[in-house]
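Please read the structure below before turning to the comments.
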Amino acid sequence: MEVYTPDAEVERLELISRYKELRRAVEKITSDKEELSQIRKAFDLAVDAHKEMRRKSGEPYIYHPIAVAMIAVSEMGLDSTSVICALLHDVVEDTEITLEDITKHFGQNVGLIIDGLTKIAGVFDNTKSVQAENFRKIVLSLSDDIRVILIKLADRLHNMRTLEHMKREKQLKIASETMFMYAPLAHRLGLYNIKTELEDLCLKYIEPEAYEDIVAKLTKTKGVRERFISRFTLPIKNALNEQGYKYTIKGRPKSVYSIYQKIHQKGVPFEEIYDIFAIRIIVDVPLEVEKAEIWRAYSIVTDLYQPKPDRLRDWISFPRANGYESLHVTVMSPTGKWVEVQLRSTRMDDIAERGLAAHWKYKENNAVESAMDDWITKVRETMEAHMEGEAVDFIDAFKLNLYTDEIYVFTPKGELRTMAVGSTALDFAYEIHSDLGDHCLGAKVNTKLVPLSYILQSGDQLEIISSEKQSPKEDWLNFVKSSKARSRIKAALKEEKRKIAIDGRETFDRKIKKLKLNYVEEDLPKLLKYFNVGDSMDFFYRIGKGTISSQQLKNFYTEESKKSWYSYLAAKLKRKPKKNVTEAKDNFESLIKEYKREGELLIGDSKEKLDYKLAPCCNPIPGDEVFGFVTVNDGIKIHKITCPNAVQLLGNQSYRVVKAKWTGADDLAFLTGIKVNGIDEVGIVNKITKLISNQMKVNMRSIYFDSNDGVFEGRITLFVQDTRHLDELVQKLKKVEGIISVDRMNETQG
Ligand code: MN
């Protein structure tokens with residue numbers, strides 16, 4: 001971190017130079033005098049409004065809105081209105097200037113966008129599921145003006161680029177939020193460059209070591225890679241030249257994050273990832289012939305190099321819903337390595353690189369326009385369906401729609417429908433019409449009868465079979481994928497449940513009368529507790545369904561009459577307030593406040609007043625970077641920063657997060673798990689266990705080995721003191737002959 005010493009004159013000159021840079025970028029998109037003068041006016045206003053403010057780095061605050069405006073115009077290709085809004089994006093939220101002032105000076109359009117941006121930002125940090133609520137607001141604004149979201153993304157990108165100046169907890173919170181919401185959103189809007197940079201930056205702050213490791217390996221292999229690329233592309237270039245193509249060829253490594261995912265999720269070592277880079281061929285051809293020309297280029301490439309049959313991705317005939325168009329093929333190089341080649345036109349490349357904004361430039365391409373419109377319509381439907389529900393629920397539903405890939409299926413009339421991968425016949429029925437979904441019995445796929453749960457394949461032609469007698473069933477929720485179908489089924493089930501509960505209430509009254517029991521309204525909370533049901537609707541539903549019998553009701557009253565005598569005595573002796581549901585909730589909120597007041601949670605400190613447990617999903621051990629998460633019923637749970645659930649917890653419910661640190665004071669052993677892979681040799685299990693227990697003196701709790709065709713996988717759970725201890729063991733195991741990899745496991749069960 002560099003130390004920043006403000007110097008008024010230096011800063012004034014720097015500000016002028018930054019403005020000039022922005023001005024030059026804007027002049028590339030407009031020469032309109034009026035627009036340019038409005039931008040100048042916005043700049044002057046922002047400079048004045050933020051003049052007393054500084055960023056965490058110590059720099060004048062105004063550098064931030066200028067940077068955001070710069071991203072909007074040169075990285076996203078947005079218009080001059082967006083530049084004005086980017087310059088003013090923090091003004092209403094952070095300074096004296098009001099929305100009315102903005103509207104008065106810059107007009108209705110700018111006013112609406114700034115309002116949207118302020119609303120997104122205006123939610124305080126420690127209210128309930130604030131991120132979920134924020135996210136809902138962001139998505140809501142999709143239907144107003146898409147520029148609100150694009151500027152918000154530019155804002156987030158600049159904040160991520162300057163994250164180094166923040167405290168560690170703040171870095172983790174912002175990075176997790178970005179991973180959780182903004183990167184998927186950028187992906188969905190087709191802003192590939194921005195999505196990639198956001199993900200890389202998130203990784204850099206969430207897992208700095210893994211990030212640096214990959215960056216170092218990429219740098220080290222750069223020379224070899226470049227020589228390979230130029231040798232590989234030479235014959236292609238010659239052939240394209242001969243055919244008179246105008247084109248560009250790029251060979252670029254994939255993003256650090258995507259490499260990281262290959263290594264950590266699929267377990268492929270860096271050296272063996274064949275698609276660490278891709279060759280991109282961009283042909284400059286007119287719109288009318290671009291598809292034919294790309295296929296011609298494809299044929300040139302595959303004449304030179306053998307293609308891998310199952311690795312052809314045709315997104316030029318079927319663009320992805322976010323507008324991405326490209327033809328991907330994997331071919332065999334003369335050195336025996338698979339290489340991915342991406343073929344596209346200049347227009348397609350522009351859209352792929354800059355996303356949505358670029359769509360506007362190519363208005364004539366209706367297919368992409370309507371794909372984007374379709375998506376926004378779908379988003380709106382999802383929103384309407386979840387309007388009354390919990391915000392968190394809404395995010396889960398919405399996220400499903402963000403990252404999923406699509407397949408293409410057809411109606412009996414041959415109409416094309418785009419569905420998410422993993423969609424079932426039932427999803428398709430709901431996609432056609434909600435009523436058709438509710439009454440769906442099954443489907444005919446390519447004339448063959450299939451069940452509701454049938455998973456659709458690209459190219460399937462479906463006919464839905466329905467009956468008026470059919471109605472939504474609980475188990476449908478197990479296999480529907482789309483949020484539209486899901487919320488429709490849930491609503492129908494709730495309605496059904498409500499009807500049964502109303503009947504149940506009558507049944508209940510009848511039973512009470514028949515059993516000659518004396519029921520008063522105050523008994524209800526006790527009944528709910530006794531039968532372990534959430535609310536009165538659940539209770540009467542179970543009565544209606546007959547799962548609570550008359551005998552059980554009778555038992556309750558017998559026990560109650562016994563208890564009431566004791567509780568009378570107990571109350572006499574000690575006045576203890578009764579807890580009801582709202583009280584428990586208040587209690588939870590105040591508990592969080594109390595935890596936060598305590599500051600940092602010291603794990604392993606026997607004097608620590610707070611109650612905590614190590615989370616079973618990631619089994620942290622001393623040395624791991626950790627945080628505490630306040631649970632409703634079970635005190636604080638300690639998770640690793642790299643826990644599979646961490647992004648969700650930190651990004652979405654950060655108000656429940658407590659700082660935590662290991663003290664290393666106690667001499668305890670912690671449960672952890674390792675996974676060992678290798679070549680199955682005689683005595684390998686013996687060698688491993690000997691090393692662990694005799695040489696390292698580590699206690700094992702369980703050991704499990706599975707071998708298949710000469711290779712084995714072993715899962716061992718054991719007790720260690722801390723990460724150093726574990727690392728030492730891992731290093732020793734790696735040296736054992738026959739062992740290929742040793743990895744830590746999150747889960748220690750199973
Ligand atoms: Mn900002």
Side-chain angles (χ1 to χ4, degrees), residues 1-27 39-76 78 80 82-97 101-102 113-114 117-118 120-122 124-125 150-178 182 186 193-194 197-206 208 211-212:
M1 218 181 284
E2 56 188 289
V3 182
Y4 191 90
T5 40
D7 174 321
E9 183 53 20
V10 173
E11 276 180 2
R12 201 183 60 84
L13 293 173
E14 177 64 26
L15 182 59
I16 293 170
S17 113
R18 287 185 192 215
Y19 176 72
K20 278 192 178 148
E21 197 194 344
L22 175 64
R23 172 84 183 209
R24 275 195 299 277
V26 171
E27 276 165 356
I39 288 172
R40 175 75 210 202
K41 213 165 95 184
F43 171 75
D44 289 338
L45 180 68
V47 169
D48 190 50
H50 293 299
K51 66 173 180 286
E52 304 297 342
M53 297 163 64
R54 287 192 178 267
R55 301 202 88 207
K56 277 268 150 39
S57 59
E59 289 184 332
Y61 193 85
I62 183 68
Y63 291 1
H64 168 64
I66 296 176
V68 176
M70 205 54 202
I71 293 170
V73 63
S74 56
E75 292 178 51
M76 292 175 156
L78 300 185
S80 62
S82 307
V83 174
I84 294 171
C85 294
L87 285 169
L88 300 174
H89 83 272
D90 279 330
V91 155
V92 174
E93 194 200 342
D94 295 339
T95 76
E96 306 284 288
I97 291 163
D101 298 334
I102 301 280
I113 295 174
I114 297 292
L117 284 162
T118 312
I120 292 172
F124 285 100
D125 234 13
L150 297 172
I151 296 164
K152 187 68 206 168
L153 277 168
D155 181 29
R156 178 53 61 131
L157 180 59
H158 184 244
N159 286 335
M160 284 299 297
R161 282 178 183 169
T162 50
L163 203 58
E164 59 182 292
H165 303 290
M166 293 286 184
K167 282 205 198 105
R168 181 77 180 128
E169 312 91 71
K170 202 82 202 226
Q171 286 178 342
L172 285 171
K173 179 177 180 284
I174 293 175
S176 303
E177 263 175 36
T178 305
Y182 293 94
N193 283 355
I194 287 172
E197 191 181 343
L198 285 176
E199 283 174 342
D200 281 1
L201 286 165
C202 287
L203 186 64
K204 183 176 166 185
Y205 288 101
I206 294 175
Y211 176 84
E212 293 304 339

With side chains defined as the heavy atoms from C-beta onward, is the minimum distance between [X] and [Y] less than 4.5 Å?
X	Y	answer
Thr178	Tyr205	no
Arg24	Lys20	yes
His165	Arg55	no
Leu87	Val68	no
Ile62	Leu15	yes
Thr95	Met53	yes
Ile84	Leu88	yes
Asp155	Ile71	no

Just jot down the side-chain hydrogen bond (donor to acceptor under 3.5 Å, both in side chains) partners of [X], sequence neighbours excluded, or say none.
X	value
Glu9	Arg12
Glu14	Arg18
Lys56	none
Tyr61	Asp90

>> Arg161: which residues meet the salt bridge (Lys or Arg N to Asp or Glu O under 4.0 Å) condition with it, sequence neighbours left out?
In response: Glu75, Glu197
> For Lys41, what residues pass the salt bridge (Lys or Arg N to Asp or Glu O under 4.0 Å) criterion, not counting sequence neighbours?
Replying inline: none
> Say you draw a straight line from CG of Asn193 to CE of Met76; how long is it, rounded to the nearest 0.5 Å?
Replying inline: 10.5 Å
> Taking the six-membered ring for Trp, are His158 and His89 ring centroids under 6.0 Å apart?
Replying inline: no
>> Restricting to non-hydrogen atoms, name the atom on Cys202 and the atom on Met160 that form the minimum distance, rounded to 0.1 Å.
In response: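 For Cys202 versus Met160, the nearest heavy atoms are N-CE, 3.7 Å.
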Residues [X], [Y]: salt bridge by 4.0 Å N-O rule:
X	Y	value
Glu27	Arg23	yes
Arg40	Asp44	yes
Glu11	Arg54	yes

>> For the backbone of Leu78 and the side chain of Ser82, can you confirm whether one donor and one acceptor N or O come within less than 3.5 Å of each other?
In response: no
